[in-house]
Amino acid sequence: MTHVTERSVPWSAENGRRKTVTYADAGVSIHAGDKAVELLKSKVQRAHRPEVLGGLGGFSGLFRLDTQKYKKPVLASSTDGVGTKLVIAQQMNIHDTVGIDLVAMVVDDLVACGAEPLFLLDYIACGEVVPDRVAEIGAGIADGCRYAGCALLGGETAEHPGVMRPDEYDLSANGVGVVEEDDILSHERVQLGDVVIAMASSGLHSNGYSLVRHVLLGQARMKLDSVIDELSNQRTLGEELLTPTKIYAKDCLSLIQECEVHALAHVTGGGIPGNLVRVLPKHLDAIVNRTTWHPAPIFDLIQRKGRIDSNDMESTFNMGVGMFAVVSAADADRALALLTGRGVEAWPVGEIVAGSGQVHMLGSYTRG
């Protein structure tokens with residue numbers, strides 16, 4: 001993380017001024033920022049790759065791309081944030097998980113085109129730099145990068161007094177990956193008869209939290225520190241809502257290496273139909289059979305408390321699926337075995353049929 005260096009020119013006695021005005025008087029603490037960087041160093045060093053040059057503190061992060069490794073390398077980039085899930089973290093005073101959400105939202109978009117995530121740069125904007133809090137956020141980001149196999153190359157922490165509350169912050173990140181030009185995944189590879197495989201989400205991930213807060217904390221007046229019997233896990237509502245987004249990057253890369261994968265769809269805003277449709281050519285449709293899985297209890301809780309229409313639920317939330325893989329029918333069993341072996345809950349959810357580029361959600365979710 002880098003910070004603006006405080007610079008103030010002292011007033012001399014001759015000019016009649018009583019006191020110098022410093023950056024700290026405006027609410028910005030350079031020293032707090034420096035302390036936060038020191039607290040982060042050990043975590044950031046763990047989110048490393050051999051291609052990284054130098055360390056923290058430079059004006060730019062440096063990454064040596066091994067051009068001998070690729071025939072026609074294509075760089076992929078993605079940027080994202082965590083959204084209003086951060087409000088829950090701030091209310092709970094739990095800050096070490098949202099960094100994982102941030103990384104997941106970026107790297108799983110990168111891998112959707114077949115790219116290996118190489119490095120990530122983060123941006124933290126806050127009302128006040130509290131070193132321990134910034135270190136917790138940064139530690140989560142570093143952990144996420146380790147899970148994804150990419151380097152945390154650098155970032156920025158900006159203090160915005162008077163614009164944001166002292167306890168308020170926002171996160172964003174930009175990631176870069178690389179893929180062979182001939183191996184880029186897209187709708188052009190999807191074929192008639194392909195099998196659609198679902199990979200389970202860890203929960204809500206990082207989408208739909210404005211609706212979640214409106215329904216559960218607003219309309220239903222539920223408390224974040226209350227244990228909800230319907231969730232059946234003896235966790236508080238706040239802990240459930242802060243479950244980190246699953247990072248699929250390494251699993252998907254292994255799948256690509258071992259099986260004939262034609263497309264990957266990361267389920268974020270827009271839900272299942274809104275994201276799976278992005279990998280369909282105009283002459284093919286995807287069939288998704290809801291009866292093949294049951295969404296986690298948190299989805300049913302939100303729908304019941306808010307009396308939300310099923311179509312609105314599916315266009316807002318992932319409903320228990322965080323990633324889809326479209327694979328050749330011949331490799332479907334192998335793909336499922338590989339994912340299961342890596343600890344990923346996965347199952348065949350449908351197929352690719354002739355059509356006009358649409359997603360058809362059939363049947364009803366099982367309850368259990």
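Residue numbers start at 1 and run along the sequence shown.
For the side chain to side chain donor-acceptor pair (under 3.5 Å) with T245, the lone residue among D101, T268, N318 that qualifies is D101. Across N93, I88, I94, a single residue satisfies side-chain contact (heavy atoms from CB on, under 4.5 Å) together with Q91, and that is I88. Just one residue in the list N174, V111, D109, D108 forms a side-chain contact (heavy atoms from CB on, under 4.5 Å) with S78, and that residue is D109. The only member of L280, V279, D285 that meets side-chain contact (heavy atoms from CB on, under 4.5 Å) when paired with I352 is L280.
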Subject >> Derivation of the salt bridge (charged side-chain N to carboxylate O under 4.0 Å, His left out) call for R165 and D167 >> reply: CA-CA 5 Å; R165 298 189 311 271; D167 62 339; 3.2 Å; yes
**OP:** Apply side chain to side chain contact (heavy atoms under 4.5 Å, CB included) to K250 and Y147, showing your working.
**Re:** CA-CA 8 Å; K250 284 186 175 180; Y147 302 154; over 6 Å; no
Subject >> Derivation and outcome, side chain to side chain contact (heavy atoms under 4.5 Å, CB included), residues L185 and I256 >> reply: CA-CA 10 Å; L185 302 181; I256 292 168; 3.8 Å; yes
**OP:** Decide yes or no on side chain to side chain contact (heavy atoms under 4.5 Å, CB included) for E239 and L231, but give the supporting numbers first.
**Re:** CA-CA 11 Å; E239 290 170 337; L231 300 181; over 6 Å; no
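Through chains of ILVMFWY side-chain contacts below 4.5 Å, V353 is grouped with I287, L362.
At distances below 3.5 Å, not a single donor-acceptor pair connects side-chain atoms of T243 with backbone N or O atoms of S202. Using a distance-only test at 3.5 Å, with no hydrogens or angles considered, a donor-acceptor pair links the side chain of D194 to the main chain of Q191. The main-chain N or O of M361 is found under 3.5 Å from a side-chain atom of R290 such that the two form a donor-acceptor pair.
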Using residues 342-350 as the side-chain source, report each donor-acceptor pair under 3.5 Å to any protein atom, sequence neighbours left out, with the distance given to one decimal.
unit_1: R342; atom_1: NE; unit_2: D251; atom_2: OD1; d: 2.7
unit_1: R342; atom_1: NH1; unit_2: S254; atom_2: OG; d: 3.1
unit_1: R342; atom_1: NH2; unit_2: D251; atom_2: OD1; d: 3.3
unit_1: W347; atom_1: NE1; unit_2: T292; atom_2: OG1; d: 3.2

Sequence neighbours left out, cut at 3.5 Å: what donor-acceptor pairs do the side chains of residues 59-75 make with other protein atoms?
unit_1: D66; atom_1: OD1; unit_2: Q68; atom_2: N; d: 3.2
unit_1: K72; atom_1: NZ; unit_2: D182; atom_2: OD1; d: 3.2

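Note: H160 and Y123 have tilted aromatic rings, judged against thresholds of 30 and 60 degrees for the angle between ring planes.
Rounded to the nearest 0.5 Å, atoms NZ (K305) and CE (M222) are 5.5 Å apart.
A heavy-atom distance below 4.5 Å is not found between the side chains of Y209 and V82.
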